[in-house]
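Below, each value reflects all heavy atoms present in this structure, side chains not excepted, and no hydrogens, waters or symmetry copies. Chain naming here is simple, since letters A, B, ... match the order of the sequence lines and numbering starts at 1 in each.
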Number of protein chains: 2
Amino acid sequence: MNHKTVSLADQVFERLENDILLGKYPRGSYLTEHALVEDLGVSRTPIRESLRRLEQEHIIEVSSRGILVLGVTLDDLADIYAMRLQLEPMVVARAAAVATDEEIAELRETLELQQYYVGRHDSDRIKFMDSKFHELLYRASHSTVFYDTLLPLHKKVQKFRKASVENESRADRSFAEHRAILSAIEARDADAAYAAMQAHVENAKMHIVK
Amino acid sequence: MNHKTVSLADQVFERLENDILLGKYPRGSYLTEHALVEDLGVSRTPIRESLRRLEQEHIIEVSSRGILVLGVTLDDLADIYAMRLQLEPMVVARAAAVATDEEIAELRETLELQQYYVGRHDSDRIKFMDSKFHELLYRASHSTVFYDTLLPLHKKVQKFRKASVENESRADRSFAEHRAILSAIEARDADAAYAAMQAHVENAKMHIVK
DNA sequence: TCGTGTATAATTGTATACAAAGATACAGAA
DNA sequence: TTCTGTATCTTTGTATACAATTATACACGA
């Protein structure tokens, strides 16, 4: 396991990013550094360093009035899926070509867990495994650029995926689509991986954006 | 004009990002916060806030040893063009549909300046106008997501575009391609804009990645 | 020569003090 | 009532002090 101590700044960033992307703070509401100091129990320094990163992701905006929560809108959602539809097939095609056996094994484990939780109707963990599967795919492309571009897009969809994973038939089909993607990668078939991912993103888009 | 005072943290970020993306610090070299304090004449606070952002862009990496410069590699370059080829045509098609007359006028002005500097063989300013043209296109799509995704990709190519703009025949053709894109947008022809941008990115890719 | 342990120095991480800009509340005049 | 000016408070921006971890240099022994 990874015992590396992670800085307060990183912890604060992860927590704030998650809270904002899950919609815990409504769009248009204001936070202040002082309030975050109270809530999180750390000084302003790590909080400010987090805010700079959140600002760069355009999910907050800082002014003399305070910290404006932007979050992710439905318009953003549509644009995100438009981009993912263009990009993810290319990325998995690459992954099919260059992924290591270890990476493929990890994808397989994640998919098995997803299947398990689908059977249990545990939507929180389904969502987590779904996220992990995509993240592993990005990483398996061995491209920092692909990873850095797609991971933020995927994270921003979080809030909207909730209904999707709670729908049983969609959860089943989503699992099947993931399995098709993994099979193509296991077979080192880049074209099949491309097609499988294209179908998967199209279906996810239809189901979420509607 | 914009007289808004910009924070030291923002100034430091812009300067460091530029220096790194232009290759001023070689990949693999180390900086320290202390050295930057000396060089830039500001305290560690704004410098650290900049570093967190650069870290997020994966162009530096901070450890107990110091600040490792990553910059942009040739592999990154190829992946960036692969992504831009997928994304930019879609973005200009959108821009053709939604850009305001003011935005189109600004594109026209930028293009005229590009023509002027091409005539003068002023490669620095050609490069600047080229960047500005693309940035205006992203903005004219009226999509924060498109803008946030494409602008970093475009900025990372900076260093490699130098040879391109210094090549007279490529500079001429690049200008002509820009004009084709703008004409399509002026005509509100999304399909033509899509095709023109696709051709432009393909040509740029061939010329730069080779 | 090579390794090892230790002291020192260098570096980042965090907290806090102070500065500056701006928002807010309120009194008073038209 | 409505507007305006002013004092105060709130909020972010910056610098600095201190803590903790890690790298480095060097002496010493095998």
Side-chain angles (χ1 to χ4, degrees), chain A residues 1-20 24-71 144 148, chain B residues 1-20 24-71 144 148:
Chain A
M1 282 309 261
N2 186 3
H3 282 260
K4 177 179 62 178
T5 67
V6 61
S7 71
L8 290 181
D10 284 346
Q11 293 176 49
V12 168
F13 173 74
E14 298 236 335
R15 165 146 179 201
L16 288 179
E17 188 194 37
N18 232 272
D19 286 351
I20 292 169
K24 180 171 165 184
Y25 306 111
R27 177 178 173 87
S29 66
Y30 277 92
L31 304 172
T32 67
E33 293 177 3
H34 179 67
L36 292 172
V37 165
E38 302 273 298
D39 285 358
L40 307 181
V42 301
S43 79
R44 284 177 64 209
T45 305
I47 287 173
R48 284 180 61 82
E49 291 183 4
S50 302
L51 294 178
R52 294 293 88 78
R53 297 169 65 186
L54 298 170
E55 215 170 18
Q56 182 135 325
E57 290 184 338
H58 272 83
I59 62 178
I60 65 167
E61 226 176 71
V62 176
S63 71
S64 59
R65 175 116 177 259
I67 300 153
L68 175 62
V69 177
L70 298 178
T144 313
D148 288 347
Chain B
M1 280 309 260
N2 186 1
H3 282 259
K4 178 181 62 180
T5 66
V6 60
S7 69
L8 290 181
D10 285 346
Q11 293 175 49
V12 168
F13 172 75
E14 298 237 333
R15 165 145 179 200
L16 287 179
E17 188 194 37
N18 232 272
D19 286 350
I20 292 170
K24 181 171 166 183
Y25 307 110
R27 177 178 173 86
S29 65
Y30 277 92
L31 304 171
T32 67
E33 293 177 5
H34 179 68
L36 293 172
V37 165
E38 303 273 298
D39 286 358
L40 307 180
V42 301
S43 78
R44 284 177 63 208
T45 304
I47 287 173
R48 284 181 60 82
E49 292 184 3
S50 303
L51 294 179
R52 293 294 87 78
R53 296 170 65 186
L54 298 169
E55 214 170 18
Q56 182 135 325
E57 291 184 338
H58 272 83
I59 63 179
I60 65 167
E61 226 176 70
V62 175
S63 71
S64 59
R65 175 116 178 258
I67 301 154
L68 175 62
V69 176
L70 298 177
T144 313
D148 289 347

Participant: Between A:Arg53 and B:Arg53 (side chain of the first, backbone of the second, donor and acceptor by atom type, cut-off under 3.5 Å), is there such a pair?
Facilitator: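 No.
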Participant: So what does A:Thr45 touch, heavy atoms closer than 4.0 Å: a base, only the sugar-phosphate, or nothing?
Facilitator: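 Base contact - A:Thr45 has a heavy atom under 4.0 Å of at least one base atom.
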Participant: Tell me: CD of A:Glu49 to P of D:dT14, nearest whole Å?
Facilitator: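 Whole-Å distance recorded here is 13 Å.
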Participant: Ignoring backbone atoms, establish whether B:Arg52 has a side-chain N or O less than 4.0 Å from OP1 or OP2 of C:dT12.
Facilitator: no
Participant: Roughly how far, to the nearest 0.5 Å, is CD1 of B:Ile60 from CG of B:Leu70?
Facilitator: 8.0 Å
Participant: Can you tell me the distance, in whole Å, between the CG atom of A:Leu8 and the P atom of C:dG13?
Facilitator: 11 Å
Participant: Round to the nearest Å and state the distance from A:Arg48 atom CZ to C:dA15 atom C1'.
Facilitator: 14 Å
Participant: For A:Ser63 and for B:Val42, locate the closest nucleotide of DNA chain D by heavy-atom distance; then report the residue assigned to the nucleotide nearer the 5' terminus.
Facilitator: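 With A:Ser63 and B:Val42 compared, the 5'-side residue is A:Ser63.
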Participant: Compare the minimum distances between each of C:dT14, C:dG13, D:dG13 and the side chain of B:Glu33, then state the nucleotide with the smallest one.
Facilitator: C:dG13
Participant: So if I take every side-chain heavy atom of A:Ser43 and compare against D:dA15, D:dG13, C:dT14, which nucleotide ends up nearest?
Facilitator: C:dT14
Participant: Nucleotides 17-22 of chain D: which of its N/O atoms have a protein N/O under 3.5 Å away?
Facilitator:
from	atom 1	to	atom 2	distance (Å)
D:dT22	O3'	B:Ser64	OG	2.8

Participant: Is A:Arg48 close to B:Arg48 at the side-chain level, that is, under 4.5 Å between some pair of heavy atoms?
Facilitator: no
Participant: Between B:Leu36 and B:Val12, is any pair of side-chain heavy atoms under 4.5 Å apart?
Facilitator: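 Not in contact.
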Participant: Do B:Asn18 and B:Glu14 touch side chain to side chain, with heavy atoms closer than 4.5 Å?
Facilitator: no
Participant: Let me know the distance between CG of B:Asp10 and P of D:dT12, rounded to the nearest Å.
Facilitator: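 It works out to 15 Å between those atoms.
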Participant: Find the distance B:Ile47:CD1 to C:dT11:P and express it as a whole number of Å.
Facilitator: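 Going from CD1 in B:Ile47 over to P in C:dT11 covers 13 Å.
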Participant: Could you state the CG-P distance from A:Leu36 to C:dA15, rounded to the nearest angstrom?
Facilitator: 14 Å
Participant: Roughly, in whole Å, what's the span from CG in B:Leu31 to C1' in C:dA10?
Facilitator: 15 Å
Participant: Any sub-3.5 Å donor-acceptor pair from A:Gln11's side-chain atoms to A:Val6's backbone N or O?
Facilitator: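 Judged by distance alone, yes, a pair lies under 3.5 Å.
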Participant: When the distance from CD of B:Glu38 to C1' of D:dA15 is rounded to whole Å, what number comes out?
Facilitator: 15 Å
Participant: Taking the side chain as every heavy atom from C-beta outward, state whether A:Ile67 and A:Glu55 have any pair of such atoms under 4.5 Å apart.
Facilitator: no
